[in-house]
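Residue numbers start from 1 in every chain, and the chains themselves are labelled A, B, ... in the order their sequence lines are given, proteins ahead of strands.
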Amino acid sequence: MSFISLEFVLLFLLCFILYHLVSDKGRKYVLIAASGVFIGYFNPIFLVTALVVSLFTYGVAILVEQAREKKRDFRLIYWGSISCLVLCWIGFRYANRLTGDSGFIFPLGMSFYTFQAIGYLTEVYWEEEKAERNLIDFLLYMLLFMKFLSGPIERSADLLPQVRRLSPASYSMMTYGMRLIVIGLVKKLVLADHIAPYIDGVFSSMHTVSGVQLLMACLLYPIELYADFSGYTDMAIGTGMLFGLKLSPNFAHPFAAQTTAEFWRRWHISLSSWVRDYIFFPLSSVTRRWGQWGVAASLMVTFVALGIWHGAGWTFAVYGFIQGLVIVWELRTEKIRNKVRKRIGKRLFATLSVIRTYLIFAVSLVFFKAQSVSDAFYFLRSISFQTHASWKEINIGMSDHICIVAGSALLLILLYDYFMSKGDLHLRFEKQSALIRWTVYYLIVFAVFAYGKFGTENFIYLQF
Amino acid sequence: METTELLEILNGIFRKVLKRDNIALTEDTTAHDVDGWDSLTNMVLISEIENKFGVRFTFREIVKLKNVGDLCHAIMNKTK
């Protein structure tokens with residue numbers, strides 16, 4: 001059941017009405033039932049897997065806490081359970097490869113809720129969090145339907161207190177949430193889904209298309225991925241707001257980043273902050289005697305892990321490896337960059353740095369998108385920079401209509417991101433007169449229906 | 001050791017590690033206030049501080065440090 005489907009709209013409406021009709025305690029049951037239907041609708045096995053992981057995590061956290069209180073070996077329980085979760089996740093990830101492509105389907109959302117479970121157990125182990133004793137609250141933390149498929153990967157300290165005291169959303173929270181959902185729809189339907197088939201086409205026939213088309217697909221894929229994933233995230237956060245829940249932000253205008261290190265503080269924040277807190281910090285603490293080399297080694301391990309999180313295969317490992325390598329290089333060359341900044345001026349340096357960061361990310365995404373490492377290298381080797389290419393080559397087969405629609409949507413999204421970076425645009429928008437607000441609402445909804453590409457339900461991050 | 005004396009030594013370490021001459025730490029200074037003090041440089045700073053004062057922090061102690069004041073108290077407790 002995708003966010004963009006009639007089934008989801010019906011489930012959402014039923015859940016929303018019931019949620020606002022029943023008592024405080026009843027709200028939890030409404031949300032847990034809706035989450036169960038949402039997950040089970042894809043495949044009942046997915047629901048069973050998610051329930052087993054959730055119940056296991058719930059029990060183990062209590063065991064860790066009790067063992068600590070009774071001065072028993074809680075470390076063994078913690079490390080044993082983390083190993084179980086990781087092995088289980090890797091087992092599901094590699095099941096197809098191990099069984100010779102037997103058609104085994106990786107349970108939807110598993111990478112997200114497994115990481116959420118590991119994070120929660122670690123917080124309990126570190127005594128930063130108390131083990132949750134209310135099973136319904138814990139199941140809600142793990143299975144809430146709006147963030148189940150592709151995150152955000154929520155922290156227990158942020159979400160558990162909210163699900164313990166569910167309350168109806170205020171009017172302004174509801175309108176904020178609805179606006180976010182519409183913005184998510186624009187990103188997904190008016191931008192991502194329009195350009196996706198053409199970029200997919202270039203990647204799937206990379207051996208026959210021209211070098212200029214490879215270059216264009218490479219440059220456009222970050223935009224598609226951003227529009228698709230941040231569109232999903234906006235819809236997830238917006239849906240959460242309609243139930244009075246504040247989910248974690250996942251993007252903070254990433255294409256304004258001047259370095260790759262900064263980029264990863266702005267891109268898929270719930271994952272990058274997860275690997276920072278639970279992999280990089282402990283590792284860099286252990287290796288801190290090695291100085292800069294310890295940081296470099298920890299960074300490489302962390303980013304390769306971040307890459308592997310996306311899926312089985314060397315392509316994702318290389319994708320992560322590139323990110324780590326670039327950040328290490330940025331650390332080592334900070335002095336030189338500061339000198340260049342002084343020489344060419346802050347503004348020009350910032351512009352060039354933004355472009356450089358985007359290009360590095362675009363190149364690394366070739367490994368993320370390609371079927372194999374050799375395909376990715378072929379893709380990059382075959383890129384051509386010839387300047388006399390025809391418009392037909394440059395637009396990778398997109399019609400002028402699609403170029404204009406997607407181009408306009410991209411411009412609007414970048415403007416929206418820019419103004420959001422200067423302060424909450426929604427709060428300023430709320431202060432406008434009703435005439436302005438409703439004109440904008442009608443225009444955007446009209447644009448979605450008139451120019452949106454319906455019929456593609458899947459989001460890229462659904463596969464992870 | 002007095003806090004002011006400690007802050008002077010920490011200033012020196014921060015300036016050396018972060019390669020910036022304009023750092024002036026106070027007890028309320030946090031990572032947000034100092035250019036270059038982030039998750040990537042934090043452990044190098046801690047390691048330098050440990051070497052300077054001959055102390056060793058646990059990982060959880062490091063994570064719980066919220067500002068330079070916390071760091072000063074932690075160093076003073078370890079060197080008592």
Pick from B:E48, B:K64, B:R56 with the largest number of heavy-atom pairs that fall under 4.5 Å of chain A: B:R56
Heavy-atom pairs under 4.5 Å with chain B, option from A:S284, A:S298, A:A261, A:G294 with the top count: A:S284
Interchain contact, A:R276 with chain B, by part (heavy-atom threshold 4.5 Å): side chain
Part of A:E128 within contact of chain B (heavy atom distance under 4.5 Å): side chain
Full working for salt bridge (Lys or Arg N to Asp or Glu O under 4.0 Å) between A:R288 and B:E50: CA-CA 10 Å; A:R288 66 183 185 271; B:E50 285 176 330; 2.5 Å; yes
Rounded distance [0.5 Å steps], [atom1] in [X] versus [atom2] in [Y]:
{"X": "A:R289", "Y": "B:I46", "atom1": "CZ", "atom2": "CD1", "value": "11.5 Å"}
{"X": "A:L283", "Y": "B:M43", "atom1": "CG", "atom2": "CE", "value": "10.0 Å"}
{"X": "B:R60", "Y": "A:Y125", "atom1": "CZ", "atom2": "OH", "value": "10.0 Å"}

Heavy-atom side-chain contact between A:V286 and B:F59 under 4.5 Å: no
Check: A:E334 and B:K19 side chains under 4.5 Å, non-hydrogen atoms: no
Might you confirm whether atom [atom1] of [X] has over 12 heavy atoms from other residues, nucleotides or ligands at distances under 6.0 Å?
{"X": "A:W126", "atom1": "CH2", "result": "yes"}
{"X": "B:K78", "atom1": "NZ", "result": "yes"}
{"X": "A:F321", "atom1": "CZ", "result": "no"}

Shortest non-hydrogen separation from A:F280 to B:S39 and the atoms involved: CE2-O, 3.2 Å
Atom of B:I62, atom of A:S285 and distance for their closest heavy-atom approach: CD1-OG, 4.2 Å
Part of B:L40 lying under 4.5 Å from any heavy atom of chain A: both
Portion of B:D38 that has a non-hydrogen atom of chain A nearer than 4.5 angstrom: side chain
